[in-house]
Structure formats: structure tokens, C-alpha cells
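In listed order, ligands and their atoms are each counted from 1.
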Amino acid sequence: MTDIPDRPAIRTLIDVDPAKAQQVAVLRAQAASDPESFWLDQARRIEWATFPTTASNATFDGDVSIRWFEDGVLNASVSCLDRHLSTRGDEAALIWQADDTAVSRTLTFRDLHAEVCRLANALRSLGVKRGDRVAIHLPMVVEGIASMLACARIGAVHVVLFGGFSPEGIAERLIDSGAVTVITCDTSRRGAKRIQHKTSIDAALKQAGTICSVRNIIVVTVTGDTIPMTEGRDHRYDVLVPQQSPACEPEKMRAEDILFLLYTSGSTGKPKAMVHTTGGYMVWAACTTDWALSLKPQDVHWCTADIAWITGHTYVVYGPFATGATTVIYEGMLGWPQPGRWWEIIDRYQVACLYTAPTAIRALIREGDAVPERYSLASLRRLACAGEPISPDAWEWFYNVVGHQRCPVADMWWQTETGGGMLCLIPDAQPMKPGWATTPLPGLNAVLTTEKGETIPDGPAEGALCFTTSWPGQARTIWDDHKRFRETCFTFSPGKYFAGDGARRDENGYYMITGRMDDVINVSGHRIGTAEIEDAVATCHAISEAAAVGINHDLKGQGIVVFVVARSSKTAPSVALLSGIIADRVGRYAAPELIYIVSDIPKTRSGKIVRRVLRKIASGETENLGDLSSLADPAVVPALIKAVTEQN
Ligand code: ATP
Ligand code: MG
């Protein structure tokens with residue numbers, strides 16, 4: 001391990017509420033002394049047709065088997081909708097803001113319940129049965145959310161696919177998941193552009209040919225653009241759904257019946273479909289929404305994630321609806337048609353909780369502080385972010401400029417595999433520390449291990465992040481590939497769940513994520529996480545984004561290459577300046593071999609930097625760049641190769 005450079009200290013910033021801190025201490029103590037009763041208590045957060053008598057039945061040894069609340073019976077849509085009808089039936093459940101500023105739609109819990117039931121009946125009328133997979137390929141519209149809950153209602157397994165996937169990406173996932181029905185739309189808007197949904201699905205089905213089991217396509221009208229329809233297979237949502245009954249008996253699901261499959265972001269390789277089951281996932285969504293966001297039924301909550309990602313599943317749909325809060329969804333893009341669009345939405349709907357991703361925060365910073373300063377933002381009470389490490393500088397900006405030093409910032413570390421937040425601040429109960437994902441949530445047992453998988457004793461350390469026990473929201477397996485699940489997550493340190501990320505722990509037990517273990521750079525025996533170098537570069541205000549990778553080096557083992565995006569081409573800092581900042585902040589050993597100033601960095605469709613592609617480009621291996629299907633904009637790659645060649 002390397003000498004640990006100075007990091008920002010814990011800053012209390014917002015007063016800790018002693019009563020809240022005490023409450024959390026009691027929870028943690030109960031979780032440690034009597035986990036079974038702790039988890040059964042947590043299970044009461046959701047509605048059950050039959051309450052479970054046992055909590056955990058999980059082992060990370062041998063073949064790995066994870067089961068929770070096994071004899072419980074429930075339906076996830078009941079916790080999200082039916083249970084609120086008597087208390088909040090006429091209150092807003094879902095607010096949809098269209099791309100067009102003048103267009104929006106508000107559905108009460110009663111409205112949403114009726115829409116979900118109609119769609120559930122429509123799916124049944126097409127022969128969709130319990131356990132069947134239904135792919136959802138929609139932009140951020142009401143029907144996307146209704147589709148997820150309608151599947152849950154009839155016990156079908158939803159598989160939400162990102163709207164922008166290419167036909168190849170869709171075909172691969174339709175075949176892998178064995179979907180029988182697809183819910184899509186004509187086209188969708190992305191700024192001034194149109195995204196082809198229906199024609200992409202048609203092309204995907206053609207490519208997939210006879211191995212694909214899709215029998216029906218339901219087509220939502222989003223833009224009204226003309227699209228081809230195939231008689232007998234394709235059905236208009238507007239025709240099929242309104243004629244159905246607004247009542248639909250929820251299917252009684254066992255806790256371990258599958259609620260959804262979801263493909264990971266594809267940052268490190270070929271995406272895999274994680275399997276999430278009903279009871280445990282719902283309990284964990286409800287727990288973490290309460291602990292990390294402290295959401296209340298009267299709150300307006302806006303999580304900016306697309307429903308195609310786990311953040312969209314847990315913190316747009318299941319967590320907030322289980323709480324009975326009002327959820328905002330926005331069809332459009334950040335900064336479109338004007339840079340203050342997000343802030344305008346917050347003021348318009350009096351959003352109390354804003355949950356977003358570091359990639360969006362970096363883009364907002366780039367617009368300048370004058371933009372958010374034009375808005376009140378006085379309704380905000382809580383801020384949260386997840387998806388990538390947030391640099392302390394971006395954290396401070398979020399806290400100061402957006403939260404007006406009034407809103408706690410929850411930096412939530414988690415994964416598609418974990419179902420819900422794992423390391424996170426519990427607002428008001430703990431002091432904050434900029435750039436640190438804080439502590440494991442109650443009931444979790446996190447450890448750091450060496451590279452060999454040996455547990456490092458408590459106290460300040462750096463290592464691989466693992467969990468020694470299961471939690472209800474944990475993915476049960478990878479769809480159709482239990483072997484891959486076991487090998488990637490449970491063999492690194494036998495008997496533990498290995499997250500694949502590196503972390504540092506301080507003397508207070510706070511954790512910061514240093515980057516992915518696969519991306520750790522080893523320079524002359526110094527192991528350096530990518531986040532350390534990137535955080536250092538982020539302190540240079542002329543830079544809006546940075547990504548560090550390691551390349552082979554004859555003497556040092558590995559050398560560091562950094563790709564940086566300047567805020568403006570006129571103010572691009574010199575390579576010498578950046579090199580100096582890294583040497584000062586991280587250490588002389590971390591001085592990069594090369595720094596490339598580029599106009600864009602490859603990202604996944606969920607907005608994460610894809611370092612594996614950068615590593616290949618930096619090493620000159622541009623012939624075989626690996627799986628690019630998860631990239632948001634594959635055109636970034638040739639532009640990057642050109643920029644690198646020119647600067648060499
Ligand atoms: P794949 O598994 O296909 O490579 P992915 O890991 O990007 O893709 P997700 O499950 O969407 O897919 O992302 C989880 C990962 O995102 C985490 O393992 C971690 O690397 C990163 N991450 C998420 N939240 C945070 C956070 N708050 N701080 C640091 N890193 C985070
Ligand atoms: Mg991952």
C-alpha cells in the first residue's frame with residue numbers, strides 16, 4: 001500500500017441531530033446482535049399477503065445460494081399503489097414533465113393504479129403469463145413506469161432496455177432474456193434529434209430471427225411519427241389498453257419469484273443480466289429510500305436516472321412508490337432547450353429531494369454558477385448522487401451551489417448487483433465528508449481485503465471492498481449463468497461477496513471508492529486508484545472531466561496516462577501544469593507519462609467513463625477495442641484515436 005495523501009477531513013457542515021443519530025445507533029446494534037429479527041422488522045416496511053416467518057437463508061460458500069423471506073407472499077405493485085389508495089389516492093403519484101416545457105401530466109395514485117391495471121389486463125389478453133419476460137424499451141414517459149408495475153402486477157418479469165441501444169444491442173438482450181413481449185414506442189425526442197424505437201425493435205427481431213421468442217409488440221404513441229406496424233404482432237397501446245378493465249387482481253408472488261432482470265452498465269465488459277426477486281428487493285428498496293433519502297409521503301422526489309438502469313428501478317420507481325412519495329420524471333435532456341432546465345423543473349414542482357449522477361454534476365458545473373443562481377432551489381432538502389466516484393470538488397459544488405449549504409449530500413455507492421444503496425450517508429445522523437461514500441448502511445457487513453482476498457483488520461486501510469453476509473436486495477444470480485455469478489463475485493475471497501471496486505477506509509470507518517479493481521494502476525509497486533488521479537485533476541477548474549489509465553512500462557511496471565476534457569478549447573491548461581497538480585496532490589510517483597487533451601471521453605449509456613477502451617487506445621491497441629455496444633456514443637472512439645495520434 002502507498003503512503004496515504006491528505007484527503008478532505010470530515011466536516012460537520014450540517015448539524016447532526018442527536019435523536020436521529022441515536023435511532024440509527026440502535027438500528028445498527030440490533031442488526032449486529034439479532035439480524036433475523038432486525039430484517040423481519042424491516043420487512044414490515046412493505047405490504048405482504050402472507051408475512052414471512054424467516055429472514056435470511058443465504059450462503060456465499062459452495063455453489064452460492066441467496067434466499068430471503070422465503071415463505072412470504074406479496075405483490076410489489078400493491079406496496080407501490082394499492083396501499084396508498086385509502087390515504088393518498090387523490091395525491092400526485094407521478095409527475096411527467098415533457099421535453100416541451102408547456103406539456104406535463106400528473107397522475108394521482110388512483111390514476112396510476114388504474115393505468116397499471118389496464119395495462120396488466122392488456123398483457124394478460126396477449127397471453128403473457130407469470131414468469132414470462134417482457135422487454136420495455138421506452139423513453140422517460142408515464143407508460144414506462146406503468147409497464148414495470150403492470151408486469152409486477154401479473155408476475156411477469158420486466159427487462160428494461162435502454163432506449164438508445166442499437167438493434168444489435170437489443171437483439172442480444174432479447175435473445176438472452178427470452179422475452180415474449182416488447183413494450184416500445186414510435187420514436188422519442190432527444191434534444192433536436194429523434195430516437196427510433198419501433199424500427200430498432202423491428203430490426204432487432206429480424207436480426208435475432210427464429211431464436212427470438214417475441215410474439216407481441218405494444219407500441220406507445222410518444223411523438224406521433226409514422227412507423228411500420230405488422231398486423232397480428234404489433235398493437236397500439238392507445239387502442240389496446242383503454243378498452244381494458246381498471247381493476248386487476250394482483251398475482252400472489254412468492255418472495256423469491258423474480259421481479260426483474262436488469263443488464264449492468266457494461267463499464268468493464270459484456271453486460272450481464274442480474275436477477276432480482278420480489279420480497280428482498282422491495283424490502284431493500286424501502287429501507288434504503290428511508291435511510292439514505294429520508295423520503296416522506298408528502299415529498300416530491302426527482303431521481304434523474306433513466307429507468308433502464310438500476311438507479312431508475314430503485315429510486316425512480318420502487319423505493320419512492322413504496323414510500324408513497326410523489327415522483328417526477330423528465331422526458332428531456334439536461335440543459336435542453338436552455339442550460340437552466342433542471343433548476344426550472346425543481347422550482348416548478350417544488351422538488352425536495354434531487355438524486356443524480358456525477359457525470360450530470362460535471363456537465364452542470366461546466367455551464368457556470370450563474371445558471372443555478374437564477375433559480376430559487378429553496379424547496380430542496382436532500383441531495384444524492386451515485387454511479388461513479390464524485391470528486392471532492394464536484395461534491396462541494398453540489399453542496400454549495402445547488403444545496404445552498406442546507407441540504408445533506410448522500411454519495412451512495414452501490415451496483416446493479418446490490419439492488420439498492422450500500423455505502424451511504426444517513427442524513428442528519430452522521431457528519432459528511434466530501435468525496436467519501438461514508439459508511440455501510442445498517443445490516444451490512446463490509447470489509448476490505450488484500451489483493452489475495454485476506455481480510456484487513458478494522459482501522460485505516462486500503463483494499464478490495466467485500467461483504468461478508470447477504471442483504472435482502474442482493475441479486476440472486478446472473479440470468480442463465482450462475483457459474484459466471486459465482487466466479488466473478490464469490491471466488492476472489494471465498495465466502496465473501498466481492499464488489500470489484502477498491503476502497504479506502506479512514507479512522508472513523510468511512511469509505512471512499514478509489515475505482516475499479518481492474519483499473520488500479522501499479523507504478524513501481526505503488527497501487528493507485530483511478531479516482532485519486534482524477535480527483536487531483538478535478539481541482540484544476542479549466543478541466544471538466546478526466547480519466548486515468550495504466551499502460552505497460554518497461555521500468556515501472558505500469559505508467560499513467562490521463563485523458564482530460566477542457567471546459568473550453570481556449571482555456572486548455574498545459575500538460576506541465578496538470579502533471580504538477582497530480583505530483584503535488586497524489587505524489588511524485590503518480591506523475592503521468594502522457595496527458596492527452598481530448599474533446600470527449602467514452603461513456604456508457606448510463607454516463608460512466610469506460611476506462612477499458614481508453615486503456616487500449618493509450619496502449620495503441622486500437623484494432624481490438626472490445627465490446628462497444630454499451631457506449632453512449634461510439635463516434636467518440638475514432639475522434640479520440642485521431643486526437644491521440646495527433647498529440648503523439
Ligand atoms: P459492468 O458491471 O457491466 O462493468 P457497471 O459496474 O458500471 O457495469 P453498474 O452496476 O451500473 O454497472 O455500476 C456499479 C458501479 O458503479 C460500481 O461497481 C462502482 O464502480 C460505480 N459506482 C456506483 N456508485 C458509486 C459511488 N457512489 N462512488 C463510486 N463509484 C460508484
Ligand atoms: Mg459492475
* To do: Show which atoms of ligand 1 fall inside a sub-4.0 Å distance from at least one heavy-atom site of Trp414.
  => 14 (C), 17 (C), 23 (C), 24 (N)
* Whether Trp413 and Phe467 hold their rings parallel, tilted or perpendicular, with breakpoints at 30° and 60° -> parallel
* Mind telling me whether Phe260 and Tyr318 have parallel, tilted or perpendicular rings, with 30° and 60° as the class edges? => parallel
* Determine whether any heavy atom of Gly266 lies closer than 4.0 Å to an atom of ligand 1. => yes
* To do: Identify, by atom number and element, the atoms of ligand 1 in contact range of Asp501, meaning under 4.0 Å from any of its heavy atoms.
  => 17 (C), 18 (O), 19 (C), 20 (O)
* is_close_aromatic(Tyr497, Phe490), centroid dist under 6.0 Å -> yes
* Asked: Given Lys608, Arg516, Met512, which has its nearest heavy atom closest to atom 6 (O) of ligand 1?
  -> Arg516
* With heavy atoms of Lys272 as the reference, note each atom of ligand 1 found under 4.0 Å away. => 1 (P), 2 (O), 3 (O)
In residues 515-523, what donor-acceptor pairs under 3.5 Å come from side-chain atoms, sequence neighbours left out?
{"unit_1": "Arg516", "atom_1": "NH2", "unit_2": "Ser267", "atom_2": "OG", "d": "3.4"}
{"unit_1": "Asp519", "atom_1": "OD1", "unit_2": "Arg615", "atom_2": "NH1", "d": "2.8"}
{"unit_1": "Asn522", "atom_1": "OD1", "unit_2": "Gly525", "atom_2": "N", "d": "3.1"}

* **Residues in side-chain hydrogen bond (donor to acceptor under 3.5 Å, both in side chains) contact with Asp176, at least two apart in sequence or another chain** => Tyr263
* Asked: Are any of the N/O atoms in Gln415 less than 3.5 Å from those in ligand 1?
  -> yes
* **Ala437 contact mode with ligand 1 (heavy-atom cut-off under 4.0 Å)** => neither
* Mind checking whether Gly387 has a heavy atom under 4.0 Å from ligand 1? -> yes
* To do: Please indicate whether any nitrogen or oxygen in Ile390 is less than 3.5 Å from any nitrogen or oxygen in ligand 1.
  => no
* Just say parallel, tilted or perpendicular for the rings of Tyr330 and Trp302, cut-offs at 30° and 60°. => perpendicular
* Nearest candidate to atom 9 (P) of ligand 1, where distance is taken over non-hydrogen atoms, out of Thr416, Asp411, Thr438 -> Thr416
* Asked: For Trp68 and Ser470, does a side-chain donor sit closer than 3.5 Å to a side-chain acceptor?
  -> yes
